[in-house]
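Throughout, a chain's letter reflects where its sequence line sits, starting with A, and its residues are numbered from 1.
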There are 2 protein chains.
Amino acid sequence: MGSARSAVETKRQGGRRTSESSGDGRQRILDEAARRFLESGYAETSLRDVASGAGMKAGSLYYHFESKEALLIAILERGMIYMVDAFEAAARRLHNDGGPGDGQPPSGPDHDPVTAFRCLTDHVAAHLRALHGNRAYTAAHVTLFRTAPESVRRAVVPLRDDYERQWTELLASLLPSRDRKEISMLRLALFGAMNASVEWLDAGRGNIDEFAALVADQFWYGVADQRSAAGHDHRGQ
Amino acid sequence: MGSARSAVETKRQGGRRTSESSGDGRQRILDEAARRFLESGYAETSLRDVASGAGMKAGSLYYHFESKEALLIAILERGMIYMVDAFEAAARRLHNDGGPGDGQPPSGPDHDPVTAFRCLTDHVAAHLRALHGNRAYTAAHVTLFRTAPESVRRAVVPLRDDYERQWTELLASLLPSRDRKEISMLRLALFGAMNASVEWLDAGRGNIDEFAALVADQFWYGVADQRSAAGHDHRGQ
DNA sequence: CTTCTTGCCTAACAAACGTTAGGTAGGCAC
DNA sequence: GTGCCTACCTAACGTTTGTTAGGCAAGAAG
């Protein structure tokens, strides 16, 4: 697993470097389309807009992508790859820092509360950083997936399922006393809280980590605990 | 305040009851448009689809609405009215049940933890019930507002601000030790968790209240508290 | 030099879109 | 009866859309 080129993203890679702005043409199309899809929506963005933003004409897009839907699929796939990579990187970091235990990412119920909270915090931060660090691609899943053409959804849903499964298993390992149904509802609530930030958190840096810390703290300890407001003395660092 | 007809919703109300399905024509248009906008998006839904679903032809829509944008505005306004009404009804119920204190909804920091949690729980349930009870209209704010034409957003944003302000003040009164910035971030996180349910909670009844209880409990006490999983003995009833 | 491939452009297509003008059937007022 | 208003329909308008076919310049390969 990792960031291998996907099925829809196969094609050439040898190219020229003639004129125009940054990156090769295919990359410029993806960036521009992702940006405009996120800002205005899929159907309300025309391929002529995308093309002109990428410094070309509408017909030229079809050299790189066979249809508008394929373009959206490529964006969504790339976005999910960013998220999965970030999750796995966070899991690796925790595994290396943590005890010299077995070879798997946190799977057993053998977590003391401090380690468990640290694990949650790191993964929340990783999710939010990946989400906003590649916002145009990743946020497409939040805003475009639900109303995307069915062929698009079918193409991307396996990747999404993988990511959601990783999170579900993480939460299940952190909350061994909860049953499966509660775990999945809690995951959906946490995803909702985190992903909604694409609609209001448009800063660059700083606020993201602040929000990540707040969400993790609130999710784990709740808001009623006065220690959270006063001293943060329950934090594991 | 309440459910008065809005500026965009002004027009006749005397009519006939000739043929076709349920409700008068204007109502059928609103229902059909809200349903299709939510399911497929604003731009991807054509007025011909809406009209045929409402049992008429496309041109006839313009007898009731002056444009497609005005139709969306009417839907969004109605959705926000549902939410505001539900919030105010919940506040009234709490005020009547609670102590015979002053005449305002919870405004002072004089909440014992049990009363505060009860207040949060009721408002979360009211929000989620209103959200799913009139899903086509209310969920439009979750899925359509961000990418809607700017004239639409301008027309609806005051109503949204009102509702968000009510929630912010509620949370501020429940969490007197938090500063303004934390309050507003917590509100955004809570809204994210609740509103994301329009994308996965499509049952009719039952699960909604279950999810409401889970979200309120998690938001207030967090997930780490083992009492939540085991005995629920901290719950105020 | 020629040939091939890569990466774009031009011009056009059919379809679908929001919107409008003009018409019409039926109920109500008088 | 006549006239008016309501609630639709028909037919068309101009524009925009995704998409395609054919062409063309430039570097690489022989």
Quiz prompt | Rounded distance in Å - CD (B:Q27) to P (D:dT6) | solution = 19 Å

Practice problem: With the side chain of A:M56 defined as its heavy atoms from C-beta on, choose the nearest nucleotide among C:dT19, C:dC8, D:dG18. | Solution: C:dC8

Exercise. Round to a whole Å and report the spacing from CG of B:L61 to P of D:dA11.
Key: 18 Å

Quiz item: What residues form a salt bridge (Lys or Arg N to Asp or Glu O under 4.0 Å) with A:E44, not counting sequence neighbours?
Solution: none

Quiz item: Could you give the CG-to-P distance, from B:L72 to C:dT19, as a whole number of Å?
Solution: 12 Å

Quiz item: Does A:H64 put a side-chain nitrogen or oxygen below 4.0 Å from OP1 or OP2 of C:dT6?
Solution: no

Practice problem: For A:D161, check salt bridge (Lys or Arg N to Asp or Glu O under 4.0 Å) against everything at least two apart and list the hits. | Solution: none

Quiz item: Is the phosphate of C:dG18, meaning OP1 or OP2, less than 4.0 Å from a side-chain N or O of B:K68?
Solution: yes

Quiz item: Atom CG of B:L47 to atom C1' of C:dA16: distance rounded to whole Å?
Solution: 12 Å

Quiz item: Using a cut-off of less than 4.0 Å, is there contact between a side-chain N or O of B:Y62 and OP1 or OP2 of C:dT19?
Solution: yes

Practice problem: Could you tell me which residues satisfy side chain to side chain contact (heavy atoms under 4.5 Å, CB included) with A:A136, sequence neighbours excluded, listed by chain and number? | Solution: A:A34

Exercise. Would you kindly give the CZ-to-C1' distance between A:F65 and C:dG7, to the nearest whole Å?
Key: 14 Å

Quiz item: Hey, does the side chain of A:S60 come within less than 4.0 Å of C:dC9's phosphate (OP1/OP2), counting only N and O?
Solution: yes

Practice problem: Output the distance between atom CG (B:L76) and atom OH (B:Y137), rounded to the nearest 0.5 Å. | Solution: 11.5 Å

Quiz prompt | Basic-acidic side-chain contact under 4.0 Å: A:R35, A:E32 | solution = yes

Practice problem: Not counting sequence neighbours, which residues clear salt bridge (Lys or Arg N to Asp or Glu O under 4.0 Å) with B:R92? List them please. | Solution: none

Grab the N/O contacts between the protein and nucleotides 11-13 of chain C below 3.5 Å, and write none if there aren't any.
residue : atom : partner : partner atom : Å
C:dA12  : N6   : A:R48   : NH2          : 3.4

Practice problem: Round to a whole Å and report the spacing from CD of A:E69 to C1' of D:dT17. | Solution: 14 Å

Quiz item: A:K57 side chain N/O closer than 4.0 Å to the phosphate oxygens (OP1, OP2) of C:dC8?
Solution: no

Quiz item: Between A:Y63 and C:dC8, does any side-chain N or O lie under 4.0 Å from OP1 or OP2?
Solution: no

Table please: side-chain donor-acceptor pairs of residues 48-59 of chain A below 3.5 Å, with sequence neighbours left out.
residue : atom : partner : partner atom : Å
A:D49   : OD2  : A:S46   : OG           : 3.3
A:S52   : OG   : A:D49   : O            : 3.4

Quiz prompt | Integer-rounded Å distance: C:dC17 P and B:D49 CG | solution = 6 Å

Quiz item: Under a 4.0 Å N-O cut-off, is there an ion pair linking A:D202 with A:R135?
Solution: no

Exercise. For DNA chain C, determine which residues of residues 35-46 of chain A have any heavy atom closer than 4.0 angstrom to one of its atoms, and list them numerically.
Key: none

Quiz item: Residues two or more places apart in sequence or in another chain: which of them pass side-chain hydrogen bond (donor to acceptor under 3.5 Å, both in side chains) with B:E199?
Solution: none

Self-check item: Of all pairs that satisfy salt bridge (charged side-chain N to carboxylate O under 4.0 Å, His left out), the ones with a partner from residues 145-159 of chain B, not counting sequence neighbours
Solution: B:E150-B:R154

Practice problem: Round to a whole Å and report the spacing from CG of A:D24 to P of C:dG7. | Solution: 8 Å

